[in-house]
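Accompanying notes for the structure given below.
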Amino acid sequence: QVQLVESGGGLVQAGGSLRLSCAASGRTSNDYNIGWFRQAPGKEREFVAATKWSGTSTFYADSVKGRFTISRDRARNTVDLQMNSLKPEDTAVYYCAASPYYKSTLSMNSFRTYDYWGQGTQVTVSS
């Protein structure tokens with residue numbers, strides 16, 4: 001089992017940047033596919049980005065392509081989400097999630113693929 005803790009959220013002006021970090025404990029995150037999701041008030045949870053456990057594949061929602069980058073730091077046992085050119089519509093609680101490596105054939109953009117979730121970190125983008 002793995003425990004996930006997100007950090008790095010905050011308040012930023014439109015056009016600014018934030019870097020979120022998902023720290024894993026209990027087991028190495030290297031054995032897990034890691035996804036980032038977000039949920040805005042009154043909206044459903046939506047996929048943002050994901051990376052497979054092998055690090056060979058990354059996935060992005062169309063709304064963040066070219067602005068967000070997901071990366072894995074195996075030494076720190078973290079998966080980071082670099083968010084640039086932020087927009088007010090990026091405002092949400094951001095969650096990282098993990099699924100075991102043997103679920104790599106499942107859809108990385110489906111929340112049902114993931115077994116473990118962090119508590120979330122708030123990102124607010126002001127206009």
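Below, each value reflects all heavy atoms present in this structure, side chains not excepted, and no hydrogens, waters or symmetry copies.
- A salt bridge links Lys65 with Asp62: the closest approach of a Lys/Arg side-chain nitrogen to an acidic carboxylate oxygen falls below 4.0 angstrom.
- Here the side chain of Arg38 pairs no donor or acceptor atom with the backbone of Val93 at under 3.5 angstrom.
- Using modelled atom types, one finds no donor on one side chain facing an acceptor on the other under 3.5 Å when comparing Asp80 with Gln82.
- Atom CZ of Arg76 sits about 4.5 Å away from atom OG of Ser21, to the nearest 0.5 Å.
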Item to complete: Report the C-alpha separation of Asp73 and Thr78 in whole Å, then their side-chain angles, then the decisive distance to 0.1 Å, and conclude whether the side chain to side chain donor-acceptor pair (under 3.5 Å) test is met.
Response: CA-CA 5 Å; Asp73 188 327; Thr78 62; 4.8 Å; no
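- Residues Val79 and Ile70 have side chains in contact (heavy-atom distance under 4.5 Å, counting atoms from C-beta outward).
- Looking at every heavy atom in both residues, Tyr114 comes nearest to Ile34 through CE2-C, 4.1 Å.
- In this structure, the side chain of Gln39 does not engage the main chain of Glu44 through any donor-acceptor pair within 3.5 Å.
- Ser71 places a side-chain heavy atom less than 4.5 Å from the side chain of Arg19.
- Each of Val64, Asn109, Leu20 was evaluated against Val48; a single residue qualifies, Val64, per the side chain to side chain contact (heavy atoms under 4.5 Å, CB included) test.
- Inter-residue side-chain proximity for Leu4 and Tyr95 is flagged as unmet; no heavy-atom pair is nearer than 4.5 Å.
- The number of heavy atoms from other shown groups lying within 6.0 Å of CD (Gln119) does not exceed 12.
- Put simply, the side chain of Asp115 reaches to within 4.5 Å of the side chain of Pro100, judged on heavy atoms.
- Between Tyr94 and Phe68, the ring planes are tilted. Angles from 30° to 60° get that label.
- Side-chain contact between Phe37 and Phe111 is present, with heavy atoms from C-beta onward closer than 4.5 Å.
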